Every structure is written in C-alpha cells, then in structure tokens.
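These notes are about the structure you will find just below.
None of these values were measured; they are calculated from a predicted model. Numbering of ligands and ligand atoms starts at 1, following listing order.
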Amino acid sequence: MTPGETAEPVVRSERRGRVVILTISRPNALNALNADVLDALGAACVDEGLLDGAAAVVITGAGPKAFVAGADIAAMSALDVEGARAFAHRGQVVFDALAGLPIPVIAAVNGFALGGGCELTLACDLVLAAPNAVFGQPEVKLGVIPGFGGTQRLVRRVGTMRAAELCFSARNVKAEEAVAIGLALRVVSDVPVLDAAVALAEQIAAVGPVAVRLCKQAVNAANDADLRSGLLLERDLFALCFSTADQKEGMAAFLGKRPASFTGN
Ligand code: CO8
C-alpha cells in the first residue's frame with residue numbers, strides 16, 4: 001500500500017452468473033501493478049471458490065481513465081538487480097497463471113494499458129478496447145525494458161517488427177490502431193467496454209465448456225509448437241471431445257433441432 005491508499009482490496013472480484021470479473025483498483029496510481037496487485041491477481045487465479053463453474057474471466061481497471069498504467073514506478077525505482085529480477089519473476093509467474101487458466105480471459109481495456117498494463121492484456125486471450133484505450137510499452141523511456149512478458153508475448157501477438165517498433169520507440173497506440181495491428185479485437189463504442197466484455201463472456205458461456213477449454217489449449221499451443229506438432233495436438237484434442245457428454249449433447253441437440261444443454265462433462 002502507498003500513502004493515500006485505503007485498505008480497500010486492490011483487486012475486486014465478483015461473479016456475474018458464470019463470468020468472473022476482476023477489477024484492478026488503485027485509483028491514486030492509475031491502477032499500477034505493485035506487489036499487492038500481483039499477489040491478489042495470483043490468488044484469484046487459484047481461488048477455487050471464485051472460479052468454480054466459471055466460463056470466462058474478465059479483467060478491467062477501476063475508474064474511467066486507466067486499465068493499468070504499468071508496473072508501479074515508485075515501487076520499482078528503489079530496486080536493485082536482484083530485486084528487479086524477483087519483481088519481474090513475480091509478474092511473469094502471475095501472468096503465466098492468468099494465461100494458463102483453462103477458461104478464456106478477456107481484457108476490458110478502459111483507458112491506459114501501458115507497460116505492465118499492456119503486458120497484462122497480452123496474457124489475456126481476448127482484448128476489447130474502449131475508445132479511450134491506449135496501449136504501449138513505454139519502458140525504454142524509463143531506461144528499462146518490458147519485464148512481465150512483453151518482449152515475448154508482444155512478438156507473438158503482433159509480429160516481430162511491430163513489437164520491435166513498439167518496444168524501441170515507446171510509442172502509444174490508440175484503440176483503432178490497436179485493432180488494426182492485432183493488439184485488440186475491436187473497439188467498443190456503443191456500450192461500456194466492461195459490459196461488452198461480459199456479453200462476450202456470456203456468449204462463450206453458452207457453448208460447450210469442454211470444447212472451449214480444448215480450443216484454448218490448442219490455440220495457445222500454436223504460439224509455441226511447430227505446425228506438425230500443433231496439428232497432432234489438435235487431432236488428439238478433437239478425438240478427446242468424443243469422450244465427453246458435451247459432444248453427445250451438442251450433436252444430438254443439433255440433430256433434434258433443439259437448443260443444447262451442456263453440462264461441461
Ligand atoms: N506507477 C506508479 N504511479 C503511476 C503510474 C505508474 N506506472 N502511472 C501513473 N501513476 C500515478 C502518477 O504518478 C500520478 O500520481 P500523483 O497524482 O500522486 O502524482 C497518478 O498516477 C496520475 O497520473 P498522472 O498525473 O501522470 O496522469 P496523466 O493523465 O497526466 O498521465 C499517464 C497518465 C500518461 C498514464 C502517465 O501517468 C504515465 O505516463 N504513467 C506511466 C506509464 C508508464 O511508464 N508505464 C510503464 C511503467 S514500467 C513497466 O510497466 C514495466 C513492467 C515490467 C516490470 C518489470 C519489473 C522489474
């Protein structure tokens with residue numbers, strides 16, 4: 001906690017039906033990521049009570065101005081080499097846990113998503129941007145490089161040259177351009193971006209839960225696997241679907257011309 005902060009949770013968690021909403025809330029620091037936020041996000045990723053039966057997670061920032069304005073610069077400024085390595089490790093472990101959740105994770109980006117905030121979106125499967133969303137990796141302006149996975153996940157999301165340009169130049173990317181280069185899925189201007197993210201999560205909640213999990217596994221493997229291994233994995237996971245009640249229900253419902261009622265088994 002920094003001076004001026006209250007004992008309010010730095011990450012608020014809420015269930016709306018089968019959707020978990022995590023709201024990062026440090027209003028005095030534009031929701032910057034300090035150790036408390038990282039710990040709270042990490043705890044949410046293993047909170048069985050919160051995640052039980054959930055179909056998707058939505059992450060957003062409190063207030064109208066920022067998703068997350070980066071790692072906490074005040075907290076980082078005093079780090080020595082070992083402290084910096086430990087802090088980067090802590091962030092990477094938490095973002096790995098988030099990215100590794102078996103259910104889709106959706107970022108609702110409502111303002112600045114800079115540095116660690118942009119890296120947080122990169123750990124999410126889907127990213128929706130409000131019209132005021134701003135993405136970027138401004139670390140070089142502070143004399144450091146991205147440390148929460150940015151150099152690696154940004155390359156995978158937007159390609160090597162675009163990632164290099166964003167990391168080298170510290171240039172801010174507004175919402176429309178973020179969509180154009182693949183940093184965000186779409187700009188949401190008709191409703192609050194959180195509502196759009198929850199609606200997308202609910203759309204995902206309505207389809208076969210096991211199939212969604214297996215899709216996530218296969219799609220994410222494509223980032224790391226060669227094509228041959230990826231196709232083999234896809235084939236095996238496709239076959240695995242045929243051991244599930246969801247496959248039987250999904251296909252029977254189609255053939256019976258009725259809505260499917262999935263159990264997630
Ligand atoms: N850390 C700490 N405090 C912050 C941060 C941050 N990242 N961003 C904003 N704040 C604070 C400001 O200091 C200010 O506090 P106060 O009111 O007490 O002065 C308050 O939030 C409001 O901010 P501003 O007054 O600056 O608001 P503006 O609207 O003028 O500007 C900006 C908004 C453009 C977002 C501006 O705040 C800004 O540039 N913030 C920093 C953005 C940034 O550089 N982020 C990257 C940080 S580095 C990083 O994320 C590395 C990740 C990997 C770490 C690896 C560990 C070793």
- Considering only protein heavy atoms, determine whether one is less than 4.0 Å from atom 28 (P) of ligand 1. yes
- Message: Rounded at 0.5 Å granularity, tell me how far SG in Cys118 sits from CZ in Phe112.
- Response: 13.0 Å
- Query: Without hydrogens or angle criteria, can the side chains of Asp246 and Thr244 be said to hold a donor-acceptor pair below 3.5 Å?
  - Reply: no
- Run the salt-bridge test on Asp224 and Arg156 with the 4.0 Å N-O cut-off and return the result as yes or no. yes
- min-distance protein heavy atom vs atom 36 (C) of ligand 1 -> Leu30 CD1, 4.6 Å
- Item | Non-hydrogen protein atom less than 4.0 angstrom from atom 1 (N) of ligand 1 | yes
- Query: Among all protein non-hydrogen atoms, which one is nearest to atom 20 (C) of ligand 1, and what is the separation to 0.1 Å?
  - Reply: Asn28 O, 3.5 Å
- Give the residue and atom name of whichever protein heavy atom lies nearest to atom 42 (C) of ligand 1, and the separation in Å to one decimal. Ala69 O, 3.3 Å
- Identity and distance of the protein heavy atom lying nearest atom 3 (N) of ligand 1: Ala29 CB, 3.9 Å
- Message: So if I count the atoms of ligand 1 from 1 in the order they appear, which ones are less than 4.0 Å from some heavy atom of Lys65?
- Response: 27 (O), 28 (P), 29 (O)
- Query: Does an N or O from Ile145, backbone or side chain, lie closer than 3.5 Å to an N or O of ligand 1?
  - Reply: no
- Item | Asp72 side, atom CG; Ser77 side, atom OG - distance, nearest 0.5 Å | 8.5 Å
- Any donor and acceptor pair, going by atom type alone, linking the side chain of Asn110 with main-chain N or O of Ala133 inside 3.5 Å? no
- Side chain to side chain, Ile181 and Leu166, heavy atoms closer than 4.5 Å: yes
- Leu142 neighbourhood, listing ligand 1 atoms whose heavy-atom distance to it stays under 4.0 Å: 44 (O), 47 (C), 48 (S)
- Expected output: side-chain Ser229 to main-chain Ala225 donor-acceptor under 3.5 Å: no
- Indicate whether atom 17 (O) of ligand 1 is within a distance of less than 4.0 angstrom of some protein heavy atom. no
- Message: Yes or no, since that's all I need: does a protein heavy atom fall within a distance strictly under 4.0 Å of atom 25 (O) of ligand 1?
- Response: no
- How many angstroms lie between CD1 in Ile59 and OG1 in Thr121, if you round to the nearest 0.5 Å? 10.0 Å
- Message: Would you say atom 8 (N) of ligand 1 makes contact with the protein, given that contact here means a non-hydrogen protein atom less than 4.0 Å away?
- Response: yes
- Around atom NZ of Lys174, are there more than 12 heavy atoms of other residues, nucleotides or ligands at under 6.0 Å? no
- Query: For Ile73 and ligand 1, does the shortest N/O to N/O distance drop below 3.5 Å?
  - Reply: yes
- Item | Closer than 4.0 Å: a protein non-hydrogen atom to atom 11 (C) of ligand 1 | yes
- Item | salt_bridge(Arg162, Glu177) N-O dist < 4.0 Å | no
- Less than 4.5 Å apart, any side-chain heavy atom of Leu30 and any of Val68? no
- Query: Against heavy atoms of Gly115, which atoms of ligand 1 measure under 4.0 Å?
  - Reply: 46 (C), 50 (O)
- Query: Is a salt bridge present between Arg16 and Glu14, judged by a nitrogen-to-oxygen distance below 4.0 Å?
  - Reply: yes
- CZ/Arg15 to CD1/Ile21 distance, rounded to the nearest 0.5 angstrom? 10.5 Å
- Note on the structure: Min over Gly149, Gly70, Gly147 of heavy-atom distance to atom 53 (C) of ligand 1 lands on Gly147
- Item | Lys/Arg-Asp/Glu bridge criterion (N-O < 4.0 Å) met for Glu119, Arg153 | no
- Item | For Asp72, the ligand 1 atoms whose distance to one of its heavy atoms is below 4.0 Å | 1 (N), 2 (C)
- Query: In the protein, what heavy atom is nearest to atom 57 (C) of ligand 1, and what distance, to one decimal place, separates them?
  - Reply: Ala84 O, 3.4 Å
- Any non-hydrogen atom of Glu119 lying under 4.0 Å from ligand 1? yes
- In the protein, which heavy atom is nearest to atom 56 (C) of ligand 1, and how far is it? Phe87 CD2, 3.3 Å
- Message: Going by a strict under-4.0 Å cutoff (protein heavy atoms only), does atom 45 (N) of ligand 1 have a neighbour on the protein?
- Response: yes
- Rounded distance [0.5 Å steps], CG in Leu51 versus CG in Leu101: 6.0 Å
- Message: Which of the numbered atoms in ligand 1 are under 4.0 angstrom from any heavy atom belonging to Pro138?
- Response: 43 (C), 44 (O), 45 (N), 46 (C)
- Mind checking whether Ala74 has an N or O less than 3.5 Å away from an N or O of ligand 1? no
- Message: Suppose I only count heavy atoms of Glu139 and a 4.0 Å limit; which atoms of ligand 1 are within that range?
- Response: 48 (S), 49 (C), 50 (O), 51 (C), 52 (C)
- ligand 1 versus Met76, non-hydrogen atoms closer than 4.0 Å: side chain, backbone, both, neither? side chain
- Item | Exam field: side chain Arg18 to backbone Ala205, donor-acceptor pair closer than 3.5 Å | yes
- Message: Phe112 versus ligand 1: do any nitrogen or oxygen atoms come within less than 3.5 Å of each other?
- Response: no
- Task: Would you mind checking which non-hydrogen protein atom is closest to atom 39 (O) of ligand 1, with the distance to 0.1 Å?
- Result: Leu114 CD1, 4.7 Å
